[in-house]
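Worksheet for the structure shown next.
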Amino acid sequence: MIRTRIAPSPTGKLHIGTARTALFNYLYAKNQGGTYVLRIEDTDKNRSTKESEHDILAGLEWLGIGADEGVTTEGELGDLGPYRQSDRTGTYRQYLEVLIESGDAYWCPTSGEELDRLKKEADASKQPFIYRPEHRDGRYEYQEGSVLRFKVPDEVIWFEDKIKGKIEFDTSLMGDFVIAKGWDNPLYNFVVVIDDELMQITHIIRGEDHISNTPKQILINRALGFKRKNFGHMPLILAPDKSKMSKRHGATSVEDYRALGYLPEAMVNFLALLGWNEGNDREDYTLEELVQKFSLKRVQKSGAVFNKEKLDSINAKYIRALPIAEKVRIGSEFLTHNGFDLDKLSQSQLEQIISIECDRIKTFGEIGDDVKFFFETPEYDGEILVWKNMTAEEAKASLEWVKEQVYNIDEDSYTEIESRLKEIINESDWGMGQVLWPLRVALSGQERSPSPFEIMQVLGKDETLARIDQAIQKLS
RNA sequence: GGCCAUAUCGUCUAGUCCGGUCCAGGACGCCGCCCUCUCACGGCGGAAACUGGGGUUCGAAUCCCCAUAUGGCUACCA
(Lines give C-alpha, C1' and ligand atoms only; values in the text may rest on other atoms or scores of the structure.)
Protein backbone atom coordinates (compact mmCIF):
# COMPACT_ATOMS: atom_id res chain seq x y z
CA MET A 1 0.00 0.00 0.00
CA ILE A 2 1.46 3.30 -1.17
CA ARG A 3 1.21 6.22 1.23
CA THR A 4 2.38 9.73 0.34
CA ARG A 5 2.22 12.92 2.33
CA ILE A 6 2.28 16.65 2.04
CA ALA A 7 3.76 18.29 5.10
CA PRO A 8 3.40 22.04 5.01
CA SER A 9 4.66 24.43 7.65
CA PRO A 10 1.97 26.90 8.58
CA THR A 11 4.22 29.93 8.32
CA GLY A 12 2.42 31.76 5.53
CA LYS A 13 -0.23 31.38 2.89
CA LEU A 14 -0.35 28.27 0.69
CA HIS A 15 2.55 28.84 -1.67
CA ILE A 16 2.13 27.87 -5.28
CA GLY A 17 5.12 25.54 -4.97
CA THR A 18 3.65 23.76 -1.97
CA ALA A 19 0.41 23.37 -3.89
CA ARG A 20 2.24 21.71 -6.76
CA THR A 21 4.11 19.38 -4.41
CA ALA A 22 0.79 18.50 -2.81
CA LEU A 23 -0.72 17.88 -6.23
CA PHE A 24 2.07 15.51 -7.26
CA ASN A 25 1.75 13.61 -3.99
CA TYR A 26 -1.98 13.40 -4.53
CA LEU A 27 -1.60 12.24 -8.12
CA TYR A 28 0.99 9.62 -7.30
CA ALA A 29 -0.98 8.21 -4.38
CA LYS A 30 -4.24 8.08 -6.34
CA ASN A 31 -2.58 6.64 -9.40
CA GLN A 32 -1.18 3.83 -7.26
CA GLY A 33 -4.42 3.31 -5.38
CA GLY A 34 -2.74 4.62 -2.24
CA THR A 35 -3.42 7.15 0.48
CA TYR A 36 -2.48 10.81 0.57
CA VAL A 37 -1.79 12.18 4.03
CA LEU A 38 -1.53 15.75 5.24
CA ARG A 39 0.62 16.55 8.24
CA ILE A 40 1.14 19.98 9.70
CA GLU A 41 4.78 20.68 10.51
CA ASP A 42 4.57 23.28 13.20
CA THR A 43 7.57 22.45 15.34
CA ASP A 44 8.75 26.02 14.85
CA LYS A 45 6.40 27.57 17.40
CA ASN A 46 7.50 31.12 16.71
CA ARG A 47 6.66 31.14 13.03
CA SER A 48 3.61 28.87 12.92
CA THR A 49 0.13 30.35 13.01
CA LYS A 50 -3.41 28.98 12.96
CA GLU A 51 -4.38 31.42 10.20
CA SER A 52 -1.68 30.05 7.94
CA GLU A 53 -2.76 26.52 8.70
CA HIS A 54 -6.33 27.30 7.79
CA ASP A 55 -5.33 29.10 4.60
CA ILE A 56 -3.24 26.13 3.52
CA LEU A 57 -5.96 23.57 4.20
CA ALA A 58 -8.65 25.68 2.56
CA GLY A 59 -6.44 26.33 -0.46
CA LEU A 60 -5.71 22.66 -0.97
CA GLU A 61 -9.36 21.76 -0.62
CA TRP A 62 -10.30 24.51 -3.06
CA LEU A 63 -7.96 22.92 -5.58
CA GLY A 64 -9.72 19.62 -5.00
CA ILE A 65 -6.74 17.93 -3.42
CA GLY A 66 -7.71 17.83 0.23
CA ALA A 67 -6.19 15.00 2.23
CA ASP A 68 -7.52 11.42 2.55
CA GLU A 69 -6.00 11.29 5.98
CA GLY A 70 -4.54 13.81 8.38
CA VAL A 71 -5.55 17.40 8.95
CA THR A 72 -8.48 18.89 7.03
CA THR A 73 -10.69 21.93 7.58
CA GLU A 74 -13.27 19.48 8.94
CA GLY A 75 -10.87 18.15 11.56
CA GLU A 76 -8.47 15.20 11.62
CA LEU A 77 -9.05 12.00 9.67
CA GLY A 78 -7.31 8.68 10.26
CA ASP A 79 -5.95 6.48 13.03
CA LEU A 80 -2.27 7.34 12.94
CA GLY A 81 -2.58 10.82 14.39
CA PRO A 82 -2.40 13.28 15.82
CA TYR A 83 -1.29 14.80 12.53
CA ARG A 84 -0.04 18.09 13.88
CA GLN A 85 3.51 17.96 15.10
CA SER A 86 2.71 20.34 17.94
CA ASP A 87 0.35 17.65 19.24
CA ARG A 88 2.98 14.93 19.00
CA THR A 89 5.73 16.22 21.25
CA GLY A 90 5.16 13.35 23.65
CA THR A 91 5.97 10.70 21.07
CA TYR A 92 9.27 12.23 20.02
CA ARG A 93 11.05 12.04 23.36
CA GLN A 94 11.24 8.25 23.51
CA TYR A 95 13.03 8.13 20.16
CA LEU A 96 15.48 10.72 21.37
CA GLU A 97 16.22 8.38 24.25
CA VAL A 98 16.74 5.47 21.88
CA LEU A 99 19.35 7.39 19.95
CA ILE A 100 21.16 8.49 23.08
CA GLU A 101 21.08 4.94 24.39
CA SER A 102 22.57 3.54 21.19
CA GLY A 103 25.24 6.22 21.09
CA ASP A 104 23.95 7.68 17.83
CA ALA A 105 23.18 10.99 19.51
CA TYR A 106 24.88 12.94 22.27
CA TRP A 107 24.31 16.07 24.34
CA CYS A 108 26.41 18.99 23.27
CA PRO A 109 26.85 21.92 25.68
CA THR A 110 28.71 24.14 23.24
CA SER A 111 27.15 27.59 23.25
CA GLY A 112 25.80 29.33 20.22
CA GLU A 113 28.38 32.07 20.56
CA GLU A 114 31.20 29.57 20.63
CA LEU A 115 29.78 27.91 17.53
CA ASP A 116 29.55 31.22 15.70
CA ARG A 117 33.16 31.90 16.54
CA LEU A 118 34.27 28.54 15.18
CA LYS A 119 32.21 29.08 12.06
CA LYS A 120 33.80 32.45 11.38
CA GLU A 121 37.22 30.96 11.95
CA ALA A 122 36.55 28.23 9.39
CA ASP A 123 35.21 30.81 6.97
CA ALA A 124 38.28 32.98 7.33
CA SER A 125 40.59 30.08 6.55
CA LYS A 126 38.30 29.00 3.69
CA GLN A 127 37.73 25.64 5.29
CA PRO A 128 34.31 24.00 5.18
CA PHE A 129 32.74 24.06 8.62
CA ILE A 130 32.21 20.54 9.85
CA TYR A 131 31.43 20.45 13.54
CA ARG A 132 32.35 17.20 15.24
CA PRO A 133 33.40 18.01 18.76
CA GLU A 134 35.63 15.96 21.04
CA HIS A 135 32.70 15.17 23.26
CA ARG A 136 30.78 13.33 20.54
CA ASP A 137 31.61 10.20 22.53
CA GLY A 138 28.72 11.16 24.76
CA ARG A 139 30.59 12.22 27.89
CA TYR A 140 28.03 14.93 28.79
CA GLU A 141 24.65 14.55 30.40
CA TYR A 142 21.81 16.89 29.52
CA GLN A 143 22.15 20.34 31.07
CA GLU A 144 20.32 23.62 30.57
CA GLY A 145 21.02 24.95 27.06
CA SER A 146 22.41 21.68 25.67
CA VAL A 147 21.47 20.52 22.23
CA LEU A 148 21.27 16.96 21.06
CA ARG A 149 23.47 16.18 18.08
CA PHE A 150 23.47 13.18 15.80
CA LYS A 151 26.82 11.44 15.56
CA VAL A 152 27.40 11.25 11.83
CA PRO A 153 29.42 8.23 10.66
CA ASP A 154 31.89 8.39 7.75
CA GLU A 155 30.55 6.65 4.72
CA VAL A 156 29.14 7.17 1.28
CA ILE A 157 25.41 7.09 1.47
CA TRP A 158 23.18 6.94 -1.56
CA PHE A 159 19.58 6.61 -2.56
CA GLU A 160 17.73 6.04 -5.78
CA ASP A 161 15.60 9.13 -6.27
CA LYS A 162 12.37 8.34 -8.11
CA ILE A 163 12.73 11.52 -10.11
CA LYS A 164 16.41 12.38 -10.24
CA GLY A 165 17.97 8.94 -10.21
CA LYS A 166 20.91 7.90 -8.06
CA ILE A 167 22.20 10.55 -5.67
CA GLU A 168 25.30 10.07 -3.52
CA PHE A 169 26.62 11.87 -0.48
CA ASP A 170 29.88 11.61 1.37
CA THR A 171 28.83 11.98 4.98
CA SER A 172 32.37 12.75 6.09
CA LEU A 173 31.68 16.22 4.69
CA MET A 174 28.78 16.58 7.08
CA GLY A 175 28.93 17.88 10.64
CA ASP A 176 27.09 16.39 13.61
CA PHE A 177 23.77 18.11 13.13
CA VAL A 178 21.36 19.11 15.87
CA ILE A 179 18.24 16.97 16.18
CA ALA A 180 16.76 18.59 19.29
CA LYS A 181 17.17 21.68 21.39
CA GLY A 182 16.68 20.10 24.79
CA TRP A 183 14.22 17.30 25.52
CA ASP A 184 11.11 19.13 24.44
CA ASN A 185 12.19 20.79 21.27
CA PRO A 186 12.97 18.22 18.57
CA LEU A 187 13.95 19.64 15.20
CA TYR A 188 12.76 19.11 11.67
CA ASN A 189 15.17 16.48 10.38
CA PHE A 190 14.42 14.30 13.36
CA VAL A 191 10.67 14.65 13.71
CA VAL A 192 10.11 14.16 10.02
CA VAL A 193 11.69 10.72 10.24
CA ILE A 194 9.61 9.73 13.25
CA ASP A 195 6.38 10.99 11.73
CA ASP A 196 6.94 9.42 8.34
CA GLU A 197 7.59 6.09 10.01
CA LEU A 198 4.67 6.27 12.42
CA MET A 199 2.32 7.45 9.70
CA GLN A 200 3.58 4.62 7.52
CA ILE A 201 4.61 6.86 4.67
CA THR A 202 6.18 4.89 1.83
CA HIS A 203 6.98 7.64 -0.66
CA ILE A 204 8.36 11.04 0.23
CA ILE A 205 7.78 13.39 -2.67
CA ARG A 206 8.97 16.92 -1.97
CA GLY A 207 10.87 19.88 -3.39
CA GLU A 208 14.48 19.46 -4.39
CA ASP A 209 15.50 21.95 -1.73
CA HIS A 210 15.25 18.92 0.55
CA ILE A 211 17.80 16.81 -1.29
CA SER A 212 20.57 17.71 1.09
CA ASN A 213 18.37 16.85 4.07
CA THR A 214 17.85 13.37 2.73
CA PRO A 215 21.15 11.80 3.88
CA LYS A 216 20.53 13.15 7.39
CA GLN A 217 17.11 11.60 7.45
CA ILE A 218 18.35 8.33 6.04
CA LEU A 219 20.96 8.20 8.80
CA ILE A 220 18.41 8.80 11.55
CA ASN A 221 15.94 6.43 9.94
CA ARG A 222 18.52 3.68 9.87
CA ALA A 223 19.77 4.32 13.41
CA LEU A 224 16.22 3.89 14.63
CA GLY A 225 15.78 0.69 12.64
CA PHE A 226 12.91 2.06 10.57
CA LYS A 227 11.93 0.87 7.11
CA ARG A 228 13.69 2.56 4.19
CA LYS A 229 11.59 5.15 2.43
CA ASN A 230 11.36 6.02 -1.25
CA PHE A 231 12.26 9.54 -2.21
CA GLY A 232 11.33 11.72 -5.15
CA HIS A 233 12.62 15.27 -5.37
CA MET A 234 10.75 17.67 -7.57
CA PRO A 235 12.34 20.59 -9.37
CA LEU A 236 11.43 24.00 -8.02
CA ILE A 237 9.10 26.56 -9.51
CA LEU A 238 11.10 29.58 -10.62
CA ALA A 239 10.25 33.24 -11.10
CA PRO A 240 10.67 34.72 -14.60
CA ASP A 241 14.23 35.74 -13.69
CA LYS A 242 14.92 32.07 -12.86
CA SER A 243 15.36 32.74 -9.17
CA LYS A 244 13.25 31.12 -6.49
CA MET A 245 9.67 32.44 -6.45
CA SER A 246 9.13 34.95 -3.67
CA LYS A 247 6.75 37.67 -2.58
CA ARG A 248 8.53 40.31 -4.64
CA HIS A 249 7.50 38.44 -7.80
CA GLY A 250 3.84 39.23 -7.18
CA ALA A 251 1.17 36.62 -6.64
CA THR A 252 2.76 33.54 -5.07
CA SER A 253 -0.06 32.03 -3.07
CA VAL A 254 -3.00 29.97 -4.19
CA GLU A 255 -5.24 32.42 -2.36
CA ASP A 256 -3.88 35.26 -4.52
CA TYR A 257 -4.87 33.40 -7.66
CA ARG A 258 -8.27 32.51 -6.33
CA ALA A 259 -8.93 36.17 -5.58
CA LEU A 260 -7.76 37.15 -9.05
CA GLY A 261 -10.42 34.93 -10.59
CA TYR A 262 -8.58 31.78 -11.60
CA LEU A 263 -10.44 28.48 -11.55
CA PRO A 264 -9.15 25.60 -9.43
CA GLU A 265 -9.37 23.21 -12.39
CA ALA A 266 -7.21 25.54 -14.45
CA MET A 267 -4.68 25.93 -11.65
CA VAL A 268 -4.43 22.18 -11.27
CA ASN A 269 -4.02 21.64 -15.01
CA PHE A 270 -1.36 24.34 -15.22
CA LEU A 271 0.55 23.21 -12.12
CA ALA A 272 0.59 19.62 -13.33
CA LEU A 273 2.13 20.68 -16.64
CA LEU A 274 4.79 22.65 -14.81
CA GLY A 275 7.29 19.86 -14.51
CA TRP A 276 5.34 16.92 -15.77
CA ASN A 277 3.96 15.75 -19.10
CA GLU A 278 2.57 12.58 -20.50
CA GLY A 279 5.16 12.36 -23.26
CA ASN A 280 2.98 13.72 -26.01
CA ASP A 281 1.39 17.01 -27.06
CA ARG A 282 -1.64 16.76 -24.85
CA GLU A 283 -2.19 19.69 -22.51
CA ASP A 284 -5.74 19.60 -21.24
CA TYR A 285 -6.39 17.35 -18.28
CA THR A 286 -8.96 17.11 -15.55
CA LEU A 287 -7.77 16.03 -12.10
CA GLU A 288 -9.16 12.56 -12.74
CA GLU A 289 -7.30 12.29 -16.05
CA LEU A 290 -4.10 13.39 -14.37
CA VAL A 291 -4.55 10.66 -11.78
CA GLN A 292 -4.89 8.15 -14.62
CA LYS A 293 -1.82 9.28 -16.51
CA PHE A 294 0.54 10.44 -13.79
CA SER A 295 3.95 8.90 -13.37
CA LEU A 296 7.00 10.03 -11.41
CA LYS A 297 9.19 8.85 -14.25
CA ARG A 298 7.88 11.65 -16.39
CA VAL A 299 8.53 14.40 -13.90
CA GLN A 300 11.05 16.91 -15.20
CA LYS A 301 14.51 17.10 -13.62
CA SER A 302 15.08 20.83 -13.93
CA GLY A 303 13.27 23.86 -12.56
CA ALA A 304 10.33 25.42 -14.36
CA VAL A 305 9.63 29.10 -14.75
CA PHE A 306 6.11 30.08 -13.73
CA ASN A 307 4.60 31.44 -16.93
CA LYS A 308 1.60 33.61 -16.12
CA GLU A 309 0.55 34.02 -19.78
CA LYS A 310 0.23 30.29 -20.12
CA LEU A 311 -1.86 30.09 -16.95
CA ASP A 312 -4.06 32.88 -18.28
CA SER A 313 -4.60 31.08 -21.52
CA ILE A 314 -5.49 27.83 -19.77
CA ASN A 315 -7.79 29.68 -17.40
CA ALA A 316 -9.55 31.41 -20.30
CA LYS A 317 -10.23 28.03 -21.91
CA TYR A 318 -11.68 26.69 -18.67
CA ILE A 319 -13.88 29.75 -18.21
CA ARG A 320 -15.31 29.41 -21.71
CA ALA A 321 -16.04 25.73 -21.13
CA LEU A 322 -17.94 26.35 -17.89
CA PRO A 323 -21.67 25.57 -17.85
CA ILE A 324 -23.72 28.75 -17.82
CA ALA A 325 -24.91 28.23 -14.26
CA GLU A 326 -21.32 28.10 -13.04
CA LYS A 327 -20.37 31.16 -15.05
CA VAL A 328 -23.24 33.03 -13.41
CA ARG A 329 -22.40 31.79 -9.94
CA ILE A 330 -18.74 32.78 -10.09
CA GLY A 331 -19.32 35.83 -12.25
CA SER A 332 -21.91 37.18 -9.81
CA GLU A 333 -19.48 36.75 -6.96
CA PHE A 334 -16.85 38.85 -8.69
CA LEU A 335 -19.34 41.39 -9.97
CA THR A 336 -20.62 41.94 -6.46
CA HIS A 337 -17.10 42.11 -5.14
CA ASN A 338 -16.27 44.74 -7.74
CA GLY A 339 -19.10 46.90 -6.48
CA PHE A 340 -21.95 46.18 -8.88
CA ASP A 341 -25.51 46.03 -7.62
CA LEU A 342 -26.92 42.85 -9.13
CA ASP A 343 -30.41 43.59 -7.82
CA LYS A 344 -30.76 46.09 -10.64
CA LEU A 345 -30.75 43.22 -13.14
CA SER A 346 -33.16 40.47 -14.04
CA GLN A 347 -31.84 36.92 -13.94
CA SER A 348 -31.88 36.86 -17.72
CA GLN A 349 -29.90 40.08 -18.01
CA LEU A 350 -27.34 38.82 -15.53
CA GLU A 351 -26.93 35.58 -17.46
CA GLN A 352 -26.49 37.40 -20.73
CA ILE A 353 -23.93 39.86 -19.40
CA ILE A 354 -21.89 37.16 -17.78
CA SER A 355 -21.95 34.83 -20.73
CA ILE A 356 -20.93 37.67 -23.04
CA GLU A 357 -18.05 38.56 -20.74
CA CYS A 358 -16.90 35.01 -20.23
CA ASP A 359 -15.93 34.81 -23.88
CA ARG A 360 -13.75 37.86 -23.49
CA ILE A 361 -11.90 37.45 -20.20
CA LYS A 362 -8.96 35.41 -19.00
CA THR A 363 -9.79 35.69 -15.30
CA PHE A 364 -13.01 36.52 -13.49
CA GLY A 365 -11.28 39.39 -11.78
CA GLU A 366 -11.34 41.21 -15.13
CA ILE A 367 -15.09 41.65 -15.00
CA GLY A 368 -15.13 45.26 -13.92
CA ASP A 369 -15.17 48.61 -15.66
CA ASP A 370 -15.81 46.97 -19.02
CA VAL A 371 -19.36 46.02 -18.01
CA LYS A 372 -20.27 49.25 -16.29
CA PHE A 373 -22.34 50.42 -19.28
CA PHE A 374 -24.76 47.55 -18.75
CA PHE A 375 -25.63 49.01 -15.38
CA GLU A 376 -25.75 52.71 -16.09
CA THR A 377 -25.90 55.17 -18.97
CA PRO A 378 -22.38 55.50 -20.29
CA GLU A 379 -20.46 58.77 -20.34
CA TYR A 380 -18.37 59.26 -23.45
CA ASP A 381 -17.04 61.74 -25.93
CA GLY A 382 -19.44 62.16 -28.87
CA GLU A 383 -16.58 62.13 -31.37
CA ILE A 384 -16.05 58.41 -31.04
CA LEU A 385 -19.51 57.81 -32.47
CA VAL A 386 -18.14 58.62 -35.90
CA TRP A 387 -16.81 55.64 -37.82
CA LYS A 388 -13.67 55.80 -39.98
CA ASN A 389 -14.18 58.40 -42.73
CA MET A 390 -17.78 59.18 -41.97
CA THR A 391 -18.77 62.73 -41.09
CA ALA A 392 -20.56 63.61 -37.87
CA GLU A 393 -23.67 64.37 -39.92
CA GLU A 394 -23.59 60.93 -41.51
CA ALA A 395 -23.17 59.30 -38.14
CA LYS A 396 -26.12 61.24 -36.84
CA ALA A 397 -28.21 60.32 -39.87
CA SER A 398 -27.24 56.70 -39.42
CA LEU A 399 -28.33 56.75 -35.80
CA GLU A 400 -31.61 58.39 -36.64
CA TRP A 401 -32.24 55.82 -39.31
CA VAL A 402 -31.39 52.86 -37.09
CA LYS A 403 -33.49 54.29 -34.31
CA GLU A 404 -36.50 54.16 -36.56
CA GLN A 405 -35.73 50.60 -37.61
CA VAL A 406 -35.39 49.44 -34.02
CA TYR A 407 -38.55 51.29 -33.10
CA ASN A 408 -40.45 49.42 -35.77
CA ILE A 409 -39.34 46.02 -34.63
CA ASP A 410 -41.96 44.80 -32.21
CA GLU A 411 -41.14 43.34 -28.80
CA ASP A 412 -42.06 39.83 -29.84
CA SER A 413 -39.35 39.59 -32.47
CA TYR A 414 -36.81 41.51 -30.43
CA THR A 415 -34.89 38.34 -29.67
CA GLU A 416 -34.18 37.98 -33.38
CA ILE A 417 -32.87 41.51 -33.50
CA GLU A 418 -29.53 40.53 -35.01
CA SER A 419 -30.84 38.74 -38.07
CA ARG A 420 -33.67 41.22 -38.54
CA LEU A 421 -31.49 44.27 -38.36
CA LYS A 422 -28.77 42.83 -40.60
CA GLU A 423 -31.39 42.04 -43.16
CA ILE A 424 -32.76 45.57 -43.06
CA ILE A 425 -29.27 47.10 -43.32
CA ASN A 426 -28.46 44.90 -46.31
CA GLU A 427 -31.56 46.06 -48.09
CA SER A 428 -30.76 49.71 -47.36
CA ASP A 429 -28.09 51.99 -48.77
CA TRP A 430 -26.16 51.90 -45.50
CA GLY A 431 -23.04 49.80 -45.03
CA MET A 432 -22.74 47.53 -41.99
CA GLY A 433 -20.00 49.56 -40.39
CA GLN A 434 -21.75 52.84 -40.99
CA VAL A 435 -24.68 51.65 -38.96
CA LEU A 436 -23.16 49.27 -36.46
CA TRP A 437 -20.20 51.34 -35.29
CA PRO A 438 -22.18 54.40 -34.21
CA LEU A 439 -24.88 52.17 -32.81
CA ARG A 440 -22.45 50.11 -30.78
CA VAL A 441 -20.76 53.18 -29.38
CA ALA A 442 -24.12 54.75 -28.61
CA LEU A 443 -25.02 51.69 -26.57
CA SER A 444 -21.71 51.01 -24.85
CA GLY A 445 -19.96 54.36 -24.82
CA GLN A 446 -16.81 52.44 -25.76
CA GLU A 447 -14.72 52.02 -28.89
CA ARG A 448 -14.15 48.40 -27.95
CA SER A 449 -17.05 46.36 -26.74
CA PRO A 450 -19.24 43.35 -27.40
CA SER A 451 -21.43 43.52 -30.50
CA PRO A 452 -24.36 45.97 -30.57
CA PHE A 453 -26.80 43.08 -30.95
CA GLU A 454 -25.69 41.46 -27.72
CA ILE A 455 -25.94 44.76 -25.89
CA MET A 456 -29.40 45.54 -27.31
CA GLN A 457 -30.55 42.17 -26.14
CA VAL A 458 -29.53 42.92 -22.59
CA LEU A 459 -30.68 46.52 -22.52
CA GLY A 460 -34.11 45.91 -24.01
CA LYS A 461 -35.89 48.01 -26.56
CA ASP A 462 -36.69 51.07 -24.43
CA GLU A 463 -33.20 51.56 -23.06
CA THR A 464 -31.72 50.95 -26.51
CA LEU A 465 -33.86 53.68 -28.00
CA ALA A 466 -33.01 56.02 -25.12
CA ARG A 467 -29.29 55.54 -25.64
CA ILE A 468 -29.58 56.11 -29.37
CA ASP A 469 -31.39 59.35 -28.57
CA GLN A 470 -28.65 60.37 -26.21
CA ALA A 471 -26.07 59.76 -28.94
CA ILE A 472 -28.04 61.80 -31.45
CA GLN A 473 -28.05 64.69 -28.93
CA LYS A 474 -24.27 64.47 -28.67
CA LEU A 475 -23.98 64.91 -32.43
CA SER A 476 -26.42 67.80 -32.68
C1' G B 1 34.49 28.36 -0.86
C1' G B 2 32.42 23.11 -0.27
C1' C B 3 28.60 19.53 -1.52
C1' C B 4 24.47 18.06 -4.67
C1' A B 5 21.76 18.62 -9.01
C1' U B 6 20.41 20.54 -13.85
C1' A B 7 21.25 22.23 -19.14
C1' U B 8 16.32 21.76 -26.52
C1' C B 9 12.66 28.09 -29.27
C1' G B 10 11.65 34.18 -24.75
C1' U B 11 8.64 30.44 -21.50
C1' C B 12 6.44 25.26 -20.56
C1' U B 13 8.03 21.13 -23.17
C1' A B 14 8.32 16.37 -27.14
C1' G B 15 12.52 13.84 -28.86
C1' U B 16 17.69 11.56 -25.03
C1' C B 17 17.19 5.22 -21.88
C1' C B 18 17.26 1.56 -27.27
C1' G B 19 22.42 7.18 -32.11
C1' G B 20 20.00 7.61 -38.43
C1' U B 21 12.62 8.50 -39.64
C1' C B 22 14.90 15.72 -36.31
C1' C B 23 18.02 21.03 -41.74
C1' A B 24 14.26 19.23 -34.18
C1' G B 25 7.48 18.59 -33.08
C1' G B 26 3.47 20.96 -29.88
C1' A B 27 1.66 24.86 -26.55
C1' C B 28 1.87 30.03 -24.46
C1' G B 29 3.61 34.69 -25.95
C1' C B 30 5.04 37.58 -30.39
C1' C B 31 4.30 38.94 -35.82
C1' G B 32 1.21 38.58 -40.39
C1' C B 33 -3.31 37.19 -42.93
C1' C B 34 -8.56 35.66 -42.80
C1' C B 35 -13.32 36.27 -40.30
C1' U B 36 -15.35 41.16 -38.86
C1' C B 37 -18.76 47.45 -37.08
C1' U B 38 -14.59 47.47 -32.71
C1' C B 39 -12.39 44.36 -29.14
C1' A B 40 -12.31 39.41 -27.85
C1' C B 41 -13.17 34.42 -29.84
C1' G B 42 -12.09 31.27 -33.93
C1' G B 43 -9.22 29.74 -38.53
C1' C B 44 -4.60 29.90 -41.37
C1' G B 45 0.60 31.12 -41.78
C1' G B 46 5.50 32.96 -39.87
C1' A B 47 9.93 34.15 -36.96
C1' A B 48 12.08 31.55 -32.88
C1' A B 49 16.15 26.39 -29.71
C1' C B 50 19.76 21.30 -29.38
C1' U B 51 25.24 26.15 -23.84
C1' G B 52 30.57 25.64 -25.70
C1' G B 53 34.76 22.48 -26.83
C1' G B 54 36.79 17.80 -27.51
C1' G B 55 36.02 12.57 -28.34
C1' U B 56 33.41 7.66 -29.94
C1' U B 57 30.86 6.58 -34.70
C1' C B 58 29.76 5.97 -41.62
C1' G B 59 26.31 9.08 -38.72
C1' A B 60 25.12 12.52 -32.20
C1' A B 61 20.10 16.89 -29.66
C1' U B 62 20.73 11.72 -28.29
C1' C B 63 26.77 8.02 -25.82
C1' C B 64 31.71 9.63 -23.11
C1' C B 65 35.05 13.58 -21.15
C1' C B 66 36.11 18.65 -20.04
C1' A B 67 34.56 23.61 -19.62
C1' U B 68 30.75 27.05 -18.77
C1' A B 69 26.18 28.63 -16.90
C1' U B 70 22.15 28.08 -13.67
C1' G B 71 19.59 26.29 -9.30
C1' G B 72 19.47 24.09 -4.40
C1' C B 73 21.85 23.16 0.22
C1' U B 74 25.82 24.61 3.37
C1' A B 75 21.08 26.83 10.79
C1' C B 76 20.35 25.42 17.78
C1' C B 77 14.16 27.13 10.27
C1' A B 78 11.06 23.90 7.80
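Here is how names work: the chains are called A, B, and so on, in the same order as the sequence lines, proteins then strands, and each is numbered from 1. Predicted, not measured: the structure shown is a model, and the values here were computed from it.
Base pairing annotation: B:A5 forms a Watson-Crick or G-U wobble pair with B:U70, both donor-acceptor distances under 3.5 Å. In this structure, B:C23 makes no Watson-Crick or G-U wobble pair, since no nucleotide meets both defining distances under 3.5 angstrom. A 3.5 Å limit on both hydrogen-bonding distances identifies no Watson-Crick or G-U partner for B:U56. The partner of B:A75 is absent, by the rule that a Watson-Crick or G-U pair needs both atom distances under 3.5 Å. Applying the Watson-Crick and G-U wobble criteria (two distances, each under 3.5 Å), B:A49 pairs with nothing in any strand. When Watson-Crick and G-U wobble pairs are counted only if both distances are under 3.5 Å, B:G42 pairs with B:C34.
For A:Leu187, counting side-chain heavy atoms from C-beta on, the closest listed nucleotide (B:U38, B:A78, B:A27) is B:A78. Candidate nucleotides B:C12, B:C76, B:A78 were compared by shortest atom distance to the side chain of A:Arg149, and B:C76 ranks first.
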Subject >> side-chain contact (heavy atoms from CB on, under 4.5 Å) between A:Ile100 and A:Trp107, worked out >> reply: CA-CA 8 Å; A:Ile100 294 169; A:Trp107 290 110; 3.6 Å; yes

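Map A:Ile361 and A:Leu173 each onto its nearest nucleotide of RNA chain B; the residue landing nearer the 5' end is A:Leu173.
The ring of A:His210 has its center closer than 6.0 angstrom to the ring center of A:Tyr188. Here A:Phe364 and A:Tyr318 keep their ring centres 6.0 angstrom or further from each other.
A:Arg39 is listed as a side-chain neighbour of A:Met199, based on a closest heavy-atom distance under 4.5 Å.
Side-chain N/O atoms of A:Asn213 and base N/O atoms of B:A78 include a donor-acceptor pair closer than 3.5 Å.
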